[in-house]
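Order of the sequence lines sets the chain letters (A, B, ...), proteins ahead of strands, with each chain counted from 1.
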Amino acid sequence: MTILVDEGTRVVVSGITGREGRFHALRNRAYGTQVVAGVTPGKAGQDVEGIPVFDTIADAVEATGANTSLIFVPPRFATEAIYEAADAELPLIVCITEGIPVRDMARVASYLRGKPSVLVGPNCPGVISPGRANVGIIPGEICIPGRVGLVSRSGTLTYQIVHELTQRGIGQSTCVGMGGDPVHGVGFLEALEAFEADPGTDLVVMIGEIGGDDEERAAAYIAERMTKPVVGYIAGFTAPPGKRMGHAGAIVTGSRGTAQAKAEALEGAGVRVGRTPTEVADLVAAALP
Amino acid sequence: MTILVDEGTRVVVSGITGREGRFHALRNRAYGTQVVAGVTPGKAGQDVEGIPVFDTIADAVEATGANTSLIFVPPRFATEAIYEAADAELPLIVCITEGIPVRDMARVASYLRGKPSVLVGPNCPGVISPGRANVGIIPGEICIPGRVGLVSRSGTLTYQIVHELTQRGIGQSTCVGMGGDPVHGVGFLEALEAFEADPGTDLVVMIGEIGGDDEERAAAYIAERMTKPVVGYIAGFTAPPGKRMGHAGAIVTGSRGTAQAKAEALEGAGVRVGRTPTEVADLVAAALP
Amino acid sequence: MDLYEHQGKELFAKHGIPVPRGIVAEGPEAARAAAEALGGPAVVKVQVQAGGRGKGGGVVLVDSPEEAEAAAERMLREGFQGRRVNRVLVEERLPIARELYAAILLDRSTGTDLAMVSVEGGVDIEELARERPEAIRRQHIDPEIGLHPYHLRRLTGALPNELRDLVGNVVAGLYEVLTTEDATLVEVNPLVVLTDGRVLALDAKVTIDDNALYRHPEIEMLRSAFPIDPVEFRAREAGLQYVKLDGRVGIIGNGAGLVMSTLDLVHQAGADAANFLDVGGGASADAIATSLEVVLSDPAVRSVLVNIFGGITRCDLVARGLLEALERVQPTVRIVVRLDGTNAEEGRRILREAGHPMIVPAETMLEAARVAAELANAEAAR
Amino acid sequence: MDLYEHQGKELFAKHGIPVPRGIVAEGPEAARAAAEALGGPAVVKVQVQAGGRGKGGGVVLVDSPEEAEAAAERMLREGFQGRRVNRVLVEERLPIARELYAAILLDRSTGTDLAMVSVEGGVDIEELARERPEAIRRQHIDPEIGLHPYHLRRLTGALPNELRDLVGNVVAGLYEVLTTEDATLVEVNPLVVLTDGRVLALDAKVTIDDNALYRHPEIEMLRSAFPIDPVEFRAREAGLQYVKLDGRVGIIGNGAGLVMSTLDLVHQAGADAANFLDVGGGASADAIATSLEVVLSDPAVRSVLVNIFGGITRCDLVARGLLEALERVQPTVRIVVRLDGTNAEEGRRILREAGHPMIVPAETMLEAARVAAELANAEAAR
């Protein structure tokens, strides 16, 4: 069992005729994911190595039964694609696009509230349920199927930790890259809730970083609700306050949002927090039944 | 037991220093309702016969623990008051105001989607749980406590039917005036759902009229979900197509939304539909245990 | 408030939707001049708020200014389907290659706007929707985010490529009318493609939200073009909801639902209502008096039914208002009065003590309907 | 992108927020002239992106143009807290009766804007929030509905009546800046009440969303006023995320999280990072080469750590990029390279076969951090 994506996932890729969209659509398909459609305005009727292209997501859904949107379009068109996917009532929207203005995202978040669509991202690597479906840009070859759920604000740091798990023979149920933008869809809370409910997940790894209070709120949730063990990691202990560290989210103001504060909040909620990616993998190995 | 309002209801009245607001706030209080605050910009610190007036709903909530908003302000300020009540996170908002532009209400409806506030109205007579709380303009003296739930698109027609029930000694758990505007808050569906779940309600009366498809959708819901008996009434059998009959909602286009079509839909769902208010009361009397 | 075709087209033009060149004429001479100005061949279209103008002789193709004059003269003299006609629209005649359909309306069941584009136009759209649903593309537009390009791509997806942008622009213009003018319905049927490839709105149906007129004084002013029934005008001025109907029983009540129900009960009792009149909530004695005068001014009325369930409305004021009106007008028909709710006892007492010969008190709504119907039928039978 | 005070105040003025009269000066002469133009007594304020200017000598009250010149000369010469200073702001001196505080920022935990007004200003607001929370009024503003009058009534509710509208107007102006200029933070500390009753923004802190700069070319141009570090400039031009830090180990990695984690590991191994450099996803050989040149151009660097986990990024291209850079620059420090993920084997083989003397391969991230720290410490100890 998994969360968010599995064998029933049918992906429609917005921006499939772009360089990145094409590359990853084909890569996801090669992994075994059902990539059933693409969308590029004005290119309806074409195909990308057999994947039919449509003019709108609604057209694609009608023709192919797609149930998941994967978005690769440039930032100034990306929120439009999210609205389009939400209006087509797709249950899952994964937005890879980096660089969307945050006020645009605030409006999107407001629009999605109370709607049935779940958004992952933007500025995220996507979601993979190893051996079942890969929706996004996480390299499938570093993952193996198993019973550890993983959720992360960071891309390559996720790969690093998944890699260390896989090296120890520890497989993953689903890895969720929630992305590093200040306003985003699925966060730690939603992922933890889903993993808690997923009978295929025994333990959850959450990978946070400086900035914001997602980790602190996750800690409160864990203390109150989680019965499954959680192992954590926080990046940015040595980041100086006030500096922006790449991710729009990774900026520290005063004592709030520091790695130290986050690690302490998590430990206070019973989370075992590793100080290195390697230690995270060790803690997982020790905690698994 | 009741739905929406009861002894725990604490009302803050927007527009309490206006003629109508003042009159009904005092009338509701005289009925026994906890009317704890009023709001009129610029009149903070004053009071209306002992009810303190505040500058904002949030101030009123902070000072008095109000949990229900009752709105009497003129149409061009009414949506503002609804937003204000929603932002103050009041669980229930009852908007009596008539004449709000429908596109403004469409935006309000969109804003409330996914928020915890429940809206009744606008252009409605409000909600009464006889003997417990009266929030709005329904004359309390025509109601008696009991186990019949009632929901209606029309004001005085509701009074007529409640009156006929009361004359037969049949009391009401809660009467909900949902209002006649095309875009509104709580509708038949939400009220039916709440009455179905309310252990204090044995039977539901729904009073519809021509226009829209609220009754048709309610019929579908009843067929699928309701276990409690429902008695219905539809006004407007003799309304000519294309004519507007007072309520913005009460306009018939072609065969859709006619009283005939609505009555048939309800009867198809097992609802006993009375042809006169008197017959409705008779049907209720016969159906009650 | 439903606009006339020519008023709708003026709004369309303001928002960038192409429409035919046209001139409004209020008399046959003006219609002749209009056709001349347009170059001779023209279309004369009756300006009424009714459908079926094409089949009913309300749209006439003319080849000359003289024919335009004759057509306008007939329309203005005869009216259309029983309605008075004040003006005609004289438009250029255009070579039409194809007819389409476009509309946006506020969908009350979702609270969002519903846009529709059909590859067929000039037809009954509800019929088309039943028979060939695939001919119509529908797209909801949430007012929170407004119109987006994907909406237009979806709506125009069934059209030939060369038409998609042109029709998309029309839909964008319709959306602008809807949102900036507080319309609840904008409809173009047919939306035509000319032989030279242009796309034009050949008709225009626009409904403006009455509640929003306070912020559109320029649209409110368009009412002055409407034929005015003096009775309806008086009712509107007094803030009463009045609709003229075809029966014999004048109806006065408080609250739209109660009045509609009263109409139904009168019908069940064997007569039909002469009107719908809702005095609204908290009616004053004066409003009641005006209501009675309005209803009595209709010569078709054979009896009147006053059905009041007092909530905010006080029945004692209603009684006083009725007596007041009866001092001003001498009714020749009976007035059945049913009072219940707030201060009903007092109201009934006032009427009883006044003992006016034309007032017939009734105990219940059902009884009131029965008596009013009987009185009207008896009067009519005399 | 954080704006200078004077840039922020220009935006404020554009959106109707009152600010003191002021003139930007890039030299002591200009500062003198500015003070003269303002009438003599003035305030000279260093223009840097740092807090604590008041206490740190960055704000000087002057009584004459001569004093203004002297103050500006010192500021431009000395810099402020180790930062270069290009310009000062010379402003009129005003009689202040009271200091307040106002700000709006995008609250990431709710995705809505959070406005704050405090009855005390000129202080550390986070400290005030801890010690006297009742002094600060907070109000979330959902971007879906925007700013409404009730927000302003609530925010200004703790102020004396005569100030409420004036401060409300400032908050409305701040909200306009936020929404129309794509800011994520607008802050006025202090917002002052003058003895004549006027309310002015005495300071301005504005942060613009970098992602939105494409639609604000006029704000993007404000960057030209910033002191430019040539290394940072080069990195930015190449699309690299580069932040200069204080340690000795140059860091290159792909992905912000991985790079931050690398910094932490180097610290745990006993050294500190000289920089943060994220080459981003799918980096080309060229981007890697530029990154290496950028990092090596920092004289503080004693060793370099290249930590790549290939996803979209291909490790073979990374290896080629490194070798390319090493042909152009002759490093005097060792470069520890750790490659994993996409085409890692191939990347490692390329480096092995090149056998460059300054490249030290590492098997794991942990090992790479340890080795790089040791090398840097050993170099520094020499």
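Minimum heavy-atom separation, G257(D) to E209(A): CA-OE1, 3.9 Å. Residues L366(D) and T276(A) approach most closely at CD1-CG2, 3.8 Å, considering heavy atoms. In plain terms, the two heavy atoms of D213(A) and S109(D) that are nearest each other are OD1-CB, 3.1 Å. Shown here for V183(A) and G111(D), the closest heavy-atom pair between the two residues is CG2-CA, 4.1 Å. Heavy atoms only, all atoms of each residue included: Y159(A) and G311(D) are closest at CE1-CA, 4.0 Å. Minimum heavy-atom separation, P277(A) to L265(D): CD-CD1, 4.1 Å.
By the 6.0 Å contact criterion, CZ on F77(A) is open, its count of non-hydrogen atoms from other residues, nucleotides or ligands being 12 or less. In the displayed structure, R53(D) atom CZ is contacted under 6.0 Å by more than 12 heavy atoms of other residues, nucleotides or ligands.
Side-chain atoms of Q268(D) come within 3.5 Å of backbone atoms of R275(A) as a donor-acceptor pair (strictly under, hydrogens ignored). Between the side chain of T156(A) and the backbone N or O of N254(D), at least one donor-acceptor pair lies under 3.5 Å. At least one donor-acceptor pair under 3.5 Å links the side chain of D264(D) to the backbone N or O of G236(A). R107(A) places a side-chain N or O within 3.5 Å of a backbone atom of P143(D) that can act as its donor or acceptor partner.
Counting heavy atoms from C-beta outward, M260(D) and S154(A) have side chains that stay 4.5 Å or more apart. By the 4.5 Å heavy-atom criterion applied to side chains, I142(A) and F309(D) are counted as neighbours. V102(A) places a side-chain heavy atom less than 4.5 Å from the side chain of T184(D).
Interface remark: D340(D) contributes side-chain atoms only to the contact with chain A (heavy atom separation under 4.5 Å). Proximity to chain A (any heavy atom under 4.5 Å) is shown, for D182(D), by both the backbone and the side chain. Heavy atoms of S261(D) lying under 4.5 Å from chain A belong to its backbone as well as its side chain. In this structure, chain A has a heavy atom under 4.5 Å from the backbone of A183(D), while its side chain stays farther away. Of the two parts of T179(D), the backbone and the side chain both hold a non-hydrogen atom closer than 4.5 Å to a non-hydrogen atom of chain A. With a 4.5 angstrom heavy-atom cutoff, P101(A) touches chain D via backbone and side-chain atoms both. Both the backbone and the side chain of L178(D) come within less than 4.5 Å of a heavy atom of chain A. For I138(A), no part lies under 4.5 angstrom from a heavy atom of chain D.
Interface summary for chain D: among G187(A), P75(A), S110(A), the most heavy-atom pairs under 4.5 angstrom belong to S110(A). Contact count versus chain D (heavy atoms, under 4.5 Å) is highest, among H24(A), E164(A), E20(A), for H24(A). With chain D as partner, the option from R113(A), R76(A), H184(A), M105(A) having the largest number of non-hydrogen pairs under 4.5 angstrom is R76(A). If you tally non-hydrogen atom pairs under 4.5 Å between each of A106(A), S152(A), P139(A) and chain D, the highest count goes to A106(A).
Interatomic distance, CG of N123(A) versus CG of N211(D), reported as 8.0 Å (0.5 Å rounding). The distance from the CG atom of L157(A) to the CG atom of L258(D) is 6.0 Å, given to the nearest 0.5 Å.
Between F237(A) and H267(D), a ring centre-to-centre spacing not shorter than 6.0 Å is recorded.
Using a 4.0 Å cut-off between a side-chain N of Lys or Arg and a carboxylate O of Asp or Glu, R103(A) and D113(D) qualify as a salt bridge.
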